[in-house]
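Some notes on the structure that comes next.
First the proteins, then the strands, lettered A, B, ... as listed; each starts at 1.
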Number of protein chains: 2
Amino acid sequence: MTITEVSERLDISQDTLRYYERIGLIPRVNRNKSGNRDYTEEDCKWIEFIKCMRGAGLTIEVLIEYVALFQRGDETIEARKELFIEQRKQLIARIEDMKETLERLDYKIAIYEQSIVEKEKTLTYTKVLPEAGQLSNLYRQK
Amino acid sequence: MTITEVSERLDISQDTLRYYERIGLIPRVNRNKSGNRDYTEEDCKWIEFIKCMRGAGLTIEVLIEYVALFQRGDETIEARKELFIEQRKQLIARIEDMKETLERLDYKIAIYEQSIVEKEKTLTYTKVLPEAGQLSNLYRQK
DNA sequence: TATTGACTTGGAGCTAACTCTAAAATGGTA
DNA sequence: TACCATTTTAGAGTTAGCTCCAAGTCAATA
């Protein structure tokens, strides 16, 4: 596969593909006779895996370490496992954090919903704008 | 409250606190007679809220927009609600993504666990190292 | 054979989000 | 009164993670 094909297939820019290879985030890709990259399915799996992990917030640094361990062979299996266990721990923490933030967003949306309903009621039934100091404070929660 | 107190309490550097204020990520903080920031509880709530949202991945840009809307008063309630609904949607997507990545990490950890057990078995029961081409491939999954 | 287009490399440039620096003001302590 | 810590500002510097550029190679086509 050419870099153009892989780039389109995995939706990663050619520059990023080259960059990832350069810094050791994916193993070196073979070149054809004319020196151009010729990606295998294996290469694609690596790239896709890296993309997935990056998307979840694993740093490039830690992923480079993983690739380096992988390339050193079987003696690093335990180290790789430990690396993933640590990253898993951090990922779980991030997810928990985000869930809490989501609840907070939900709450704010609910309050705004309420505020709008209240405002509409006021406008519809009393034809009078709410006093600046009263109702307005209601809308101004954080 | 002084900037030192708030910095320690919310675990945000003084530089970051000043930076957030400068770019409009939090409303302007009052100064005392000598020109130093004097944070109120309200200010702290803002900062804590912003910190929480930033931690979940909302960009500074979108949060600045929120603060700007907030400061324009009640006429922007609907817009603020819409902003939060959009961010909520994106946050849910990020969480789902991360959950999938977590499963993938779990799977890899399980495989490594397996690999190690297999390796130990081999070493213990047969006293023979696995052939490079066979079992080694097992460990080398991505 | 000249041109075109995809590819190569090393290195420079960019953006978001801080983080640091320098120079100056203030207020409390020896 | 001299010193010291804390704070102020504007602006420069840093880091991660790309993204762009220039100069050159190569293969295919007009």
Side-chain angles (χ1 to χ4, degrees), chain A residues 1-40 43-44 46-68 87 90 94 97 101, chain B residues 1-40 43-44 46-68 87 90 94 97 101:
Chain A
M1 258 166 287
T2 66
I3 197 165
T4 304
E5 284 162 355
V6 174
S7 167
E8 282 164 9
R9 173 168 159 189
L10 300 181
D11 196 30
I12 300 179
S13 80
Q14 299 188 16
D15 274 315
T16 301
L17 287 173
R18 292 194 197 97
Y19 168 70
Y20 279 1
E21 186 179 341
R22 187 161 21 151
I23 64 175
L25 191 45
I26 53 167
R28 184 177 163 83
V29 174
N30 272 346
R31 314 295 146 117
N32 61 19
K33 335 85 216 156
S34 44
N36 294 4
R37 287 171 182 79
D38 186 12
Y39 292 86
T40 64
D43 292 327
C44 285
W46 264 108
I47 297 162
E48 195 274 324
F49 173 72
I50 292 295
K51 187 190 178 187
C52 177
M53 294 299 140
R54 287 286 302 122
L58 278 72
T59 62
I60 281 186
E61 190 185 11
V62 80
L63 290 169
I64 286 176
E65 194 192 334
Y66 167 65
V67 174
Q87 294 306 308
Q90 293 185 22
R94 278 201 295 277
D97 247 51
T101 304
Chain B
M1 259 166 288
T2 67
I3 196 165
T4 304
E5 284 161 355
V6 174
S7 167
E8 282 166 9
R9 174 168 156 189
L10 301 180
D11 196 29
I12 300 180
S13 80
Q14 300 187 16
D15 275 315
T16 301
L17 286 172
R18 292 193 196 96
Y19 167 69
Y20 279 0
E21 186 179 341
R22 184 160 27 146
I23 64 174
L25 190 46
I26 52 167
R28 186 177 162 81
V29 174
N30 272 347
R31 313 296 146 118
N32 60 20
K33 334 86 215 155
S34 45
N36 294 3
R37 286 172 182 79
D38 186 11
Y39 293 86
T40 64
D43 292 327
C44 285
W46 263 108
I47 296 162
E48 194 273 324
F49 173 72
I50 292 295
K51 187 190 177 186
C52 176
M53 294 298 139
R54 286 286 302 121
L58 277 72
T59 63
I60 281 186
E61 190 185 13
V62 79
L63 290 169
I64 286 176
E65 195 192 333
Y66 167 66
V67 175
Q87 293 307 309
Q90 292 185 22
R94 277 201 295 278
D97 247 50
T101 304

Please determine, for the side chain of B/T2, which listed nucleotide (D/dT7, D/dT19, C/dT19) has the closest atom? D/dT7

How long is the line joining CD of A/E61 and P of D/dA16, in whole Å? 7 Å

I want to check one thing: is the phosphate of D/dC18, taken as OP1 and OP2, less than 4.0 Å away from some side-chain N or O of A/T16? no

Indicate, with a heavy-atom threshold strictly under 4.0 Å, whether B/R54 touches base, sugar-phosphate, or nothing. sugar-phosphate

Could you report the tightest heavy-atom contact between A/I3 and A/R37, atom names first, then the distance? CD1-CD, 4.3 Å

Closest non-hydrogen atom pair, A/C44 against A/V6: SG-CG2, 4.1 Å

Starting from C1' on C/dA24, measure out to CG on B/N36 and report it in whole angstrom. 13 Å

Tell me: CG of A/L63 to P of D/dC18, nearest whole Å? 11 Å

Could you check how far OH of A/Y19 sits from P of C/dG11, rounded to whole Å? 16 Å

All heavy atoms of A/I12 vs all of A/S7, minimum pair found to be O-OG, 2.7 Å

Rounding to an integer number of Å, can you tell me how far B/R22 CZ sits from D/dA12 P? 12 Å

Length of the NZ-C1' vector between A/K51 and D/dG17, whole Å: 15 Å

Take atom CD1 of B/I3 and atom P of C/dC20, then tell me their distance rounded to the nearest Å. 14 Å

Measure from the side-chain heavy atoms of A/T59 and tell me the nearest of C/dC18, D/dG17, D/dT7. D/dG17

It should be established whether A/Y20 places a side-chain nitrogen or oxygen under 4.0 Å from OP1 or OP2 of nucleotide D/dG17. no

Comparing nearest nucleotides in DNA chain C, the 5'-proximal residue of the pair A/G35, B/G35 is A/G35

Salt-bridged, B/R94 to B/D97, with N to O below 4.0 Å? no

Here the distance between atom P of D/dC18 and atom CD of A/Q14, to the nearest Å, is 16 Å

Counting neighbours of CD on B/E61 that are heavy atoms of other residues, nucleotides or ligands and sit closer than 6.0 Å, is the number greater than 12? no

Using a cut-off of 4.0 Å on non-hydrogen atoms, how would the nucleic acid contact of B/R31 be classed: base, sugar-phosphate, or nothing? sugar-phosphate

A/T4 side chain, from C-beta outward: closest of C/dA6, D/dT7, C/dT19: C/dA6

B/R18 side-chain N/O to D/dT8 phosphate OP1/OP2 under 4.0 Å: yes

Would you mind classifying the nucleic acid contact of A/D15 as base, sugar-phosphate or nothing, using non-hydrogen atoms under 4.0 angstrom? base

